[in-house]
Amino acid sequence: MTSKKEVTLSGRIASITDKYRRRGLNVILESSAILSSSQISDLRLAAQKMTGVDRRSFQAEMSLKYCSGNARQTERLIGWGRATVELGLNERRTGILCIGCQSGYSGAKRWEEKYPEASSALRQLAEAHCQLDPTFKSTIGYTRLTAKEALSHLKEQGFEPVLPSASSMAMILNRMGYRLRPVVKAKPKKKLPETDAIFKNLKAMDLTNRSSVTKRLSLDCKATVKLGEFSRSGVTRGENQALDHDFGAFDKYIPFGIVDEDSGQLYVSFGSSFKTSDFIVDELHNWWKALPTEEQNSMELLQLKVDNGPESSGIRTQFLNRMVKFVAQIGKPIQLLYYPPYHSKYNPIERCWGILEKHWNGTLLRDVTTMLFWAQTMTWKGICPIVKLNQNVYEKGVALSKTAMKAIEQRLQRNPELPKWDILIQPLIG
């Protein structure tokens, strides 16, 4: 027989439990008010694009932002397992990353891990012969480098004792993301008489200027991004419904990127105006200001690989004018190396655009915040990019007169054999 005291005590416990349950529910309802169902779906999709430590770090950051670091509330709100979220929060708090024993300490190492110097040399060879599908439907780099030719080049560099067989080298190139396969859509439409000489010069400059005192950059603008609930030929899971057509898009942004070929650090800026020479040089200036002072001082040459677009070509007067002024500001020489027409797909920055396009494929870029968020969560060579928004208004059609251009031409040291494709700008002395 249950006593009156026991009944009273159990009633109080039930009342307290119900009280805290209601408090927890209220917190969840408040968090739900912050996030819409479509935003929750975007967060889930973003987490699906990541694995391991990166996914747990992202889940922990979202838990802290929207659920005050409560793993159980995160599970109820977003649907992530609370054990995984809790592990991510602990990793963030302690700085200690958890890796599985099976993947971390067992299994034979791959050739790329055993011989990192030879692997780095192989990647440089493949990159020099690499192009990207201009449709951005694949992140694979289509290379003209065969396994037999790669082995021959590596032997010349002194790596013969550690080289694998030709069949193994083909597998290694595939693992690195390079395919020896022709792509009809990626074939250049035209070929100038100087094309082979331009590529030979690019290769020679890469070998000559590959040092710690030379900063090798690749830069270019991507196609305009339209904001709105447009499918952009994407495929996604969930109940995301996109519009059939992109008519009526009012917000458009132009991505401009700079990638450091040696470190892999990517800088991306989204411009809300026009793709002009001033926009490109302004963002190059912003990239320079963000560099550490020690790195600026140690640099002896800034090498820029650019395609032959109208905003940055070797005969664009305003671009050359701004570049001469930029050299005067930083006090460092700049070498402009151009790719021939219809061959811009060989520019290393194009592969970064392919990664970005695959990363946010299937996402509805409704607003600027969503666009910037997805750009920040992509990775290039394991590094997240530096993402900025440029809302300056630029005027199109700015050009210099012939008289003004004569003074600028005196500052340009053009390659006598390739005057439009290799330009060196030196700072004034004294």
**OP:** For Arg216 and Asp262, indicate whether the former's side chain and the latter's backbone hold a donor-acceptor pair under 3.5 Å.
**Re:** no
Subject >> Side-chain heavy atoms of Arg322 within contact of Phe326, under 4.5 Å >> reply: no
Original post:
Which heavy-atom pair separates Gln265 from Cys384 by the least distance, and what is that distance?
Top reply: NE2-O, 3.3 Å
Original post:
Are any side-chain N or O atoms of Glu91 and backbone N or O atoms of Cys98, one a donor and one an acceptor, separated by less than 3.5 Å?
Top reply: yes
Subject >> Within 6.0 angstrom of Lys388 NZ, more than 12 heavy atoms from elsewhere >> reply: no
Original post:
So, does Ser298 use its side chain to make a donor-acceptor pair with the main chain of Glu294 at under 3.5 Å?
Top reply: yes
**OP:** With the side chain counted from C-beta on, respond yes when Val327 and Leu302 share a heavy-atom pair under 4.5 Å apart, and no when they do not.
**Re:** no
**OP:** Determine the minimum heavy-atom distance between Asp220 and Phe256, stating which atoms define it.
**Re:** O-CD1, 3.5 Å
Subject >> Heavy-atom check, side chain of Glu350 versus side chain of Tyr339, under 4.5 Å >> reply: no
Original post:
For the side chain of Thr377 and the backbone of Trp374, is there at least one donor-acceptor N/O pair under 3.5 Å apart?
Top reply: yes
**OP:** Assess whether atom CG of Leu389 is packed by more than 12 heavy atoms of other residues, nucleotides or ligands within 6.0 Å.
**Re:** yes
Original post:
Are the side chains of Asn201 and Trp421 in touch, meaning some heavy atoms are under 4.5 Å apart?
Top reply: no
Original post:
Can you tell me if Arg414 uses its side chain to pair, donor with acceptor, with the backbone of Gly314 under 3.5 Å?
Top reply: yes
**OP:** Using a strict 4.0 Å threshold on nitrogen-to-oxygen distance, state whether Glu261 and Lys305 make a salt bridge.
**Re:** yes
Original post:
Below 4.5 Å, heavy atoms only, C-beta onward: do Glu194 and Leu418 meet side chain to side chain?
Top reply: yes
Original post:
When you look at Arg351 and Ile355, which way does the side chain to side chain contact (heavy atoms under 4.5 Å, CB included) test go after all the steps?
Top reply: CA-CA 6 Å; Arg351 300 200 65 199; Ile355 295 292; 5.7 Å; no
Original post:
Which value, rounded to the nearest 0.5 Å, describes the distance between Met323 atom CE and Ile408 atom CD1?
Top reply: 12.0 Å
**OP:** Take Trp80 and Leu43, measure what side chain to side chain contact (heavy atoms under 4.5 Å, CB included) needs, and give me the verdict at the end.
**Re:** CA-CA 10 Å; Trp80 295 328; Leu43 291 177; 4.3 Å; yes
**OP:** Verify, without hydrogens or angle tests, whether Arg316 (side chain) and Glu311 (backbone) share a donor-acceptor contact under 3.5 angstrom.
**Re:** no
Subject >> Note, Asp251 side chain near Val368 side chain (heavy atom, < 4.5 Å) >> reply: no
Original post:
Under a 4.0 Å N-O cut-off, is there an ion pair linking Lys215 with Glu295?
Top reply: yes
Original post:
Distance-only, no hydrogens or angles: does the Asn321 side chain make a donor-acceptor pair with backbone N or O of Thr317 under 3.5 Å?
Top reply: no
**OP:** Considering non-hydrogen atoms only, spot the tightest contact between Val306 and Ser312 and give its length.
**Re:** CG1-OG, 3.2 Å
Original post:
Which residues pass the side-chain hydrogen bond (donor to acceptor under 3.5 Å, both in side chains) test with Asn415, sequence neighbours left out?
Top reply: Asp422
Original post:
Should the pair Lys381-Asp260 be classified as a salt bridge under the 4.0 Å nitrogen-to-oxygen rule?
Top reply: no
Subject >> Side-chain donor-acceptor pair present, Asp367, Thr370, cut-off under 3.5 Å >> reply: yes
Subject >> Nearest heavy-atom neighbours spanning Arg72 and Asn70 >> reply: N-OD1, 3.0 Å
Original post:
Would you say Arg110 has more than 12 foreign heavy atoms packed within less than 6.0 Å of its CZ?
Top reply: no
Original post:
Taking the six-membered ring for Trp, are Phe373 and Phe58 parallel (under 30°), tilted (30 to 60°) or perpendicular (over 60°)?
Top reply: tilted
Original post:
Is any side-chain heavy atom of Met176 closer than 4.5 Å to a side-chain heavy atom of Ser119?
Top reply: yes
**OP:** Using the side chain to side chain contact (heavy atoms under 4.5 Å, CB included) rule, take Leu77 and Ile40 through it: C-alpha gap first, then chi angles, then the decisive distance, then the call.
**Re:** CA-CA 8 Å; Leu77 175 63; Ile40 293 175; 4.0 Å; yes
Original post:
Do you know the tightest heavy-atom contact between Phe159 and Ala121?
Top reply: CE1-CB, 3.8 Å
**OP:** Take atom CD of Glu417 as the centre, draw a 6.0 Å sphere, and report whether it contains more than 12 heavy atoms from other residues, nucleotides or ligands.
**Re:** no
**OP:** Fit a plane to each ring of Tyr346 and His343, take the angle between them on a 0 to 90° scale, and name the class: parallel (under 30°), tilted (30 to 60°) or perpendicular (over 60°).
**Re:** parallel
Original post:
Which heavy-atom pair separates Leu301 from Pro333 by the least distance, and what is that distance?
Top reply: CD1-O, 3.6 Å
Original post:
Can any side-chain N or O of Arg411 pair as donor or acceptor with the backbone N or O of Gln426 at less than 3.5 Å?
Top reply: yes
Original post:
Side chain of Thr224, backbone of Lys252: donor and acceptor closer than 3.5 Å?
Top reply: no
**OP:** Go through the structure and list residues passing side chain to side chain contact (heavy atoms under 4.5 Å, CB included) with Asn286, not counting sequence neighbours.
**Re:** Tyr267, Glu283, Lys289
Original post:
Do other residues, nucleotides or ligands put more than 12 heavy atoms under 6.0 Å from the CD atom of Glu395?
Top reply: no
Original post:
Can you tell me if CD on Gln296 sees more than 12 non-hydrogen neighbours from other groups inside 6.0 Å?
Top reply: yes
Original post:
When you check the side-chain N and O atoms of Asn347 and Ser218, is any donor under 3.5 Å from an acceptor?
Top reply: yes
**OP:** Taking the side chain as every heavy atom from C-beta outward, state whether Leu227 and Met371 have any atom pair closer than 4.5 Å.
**Re:** yes
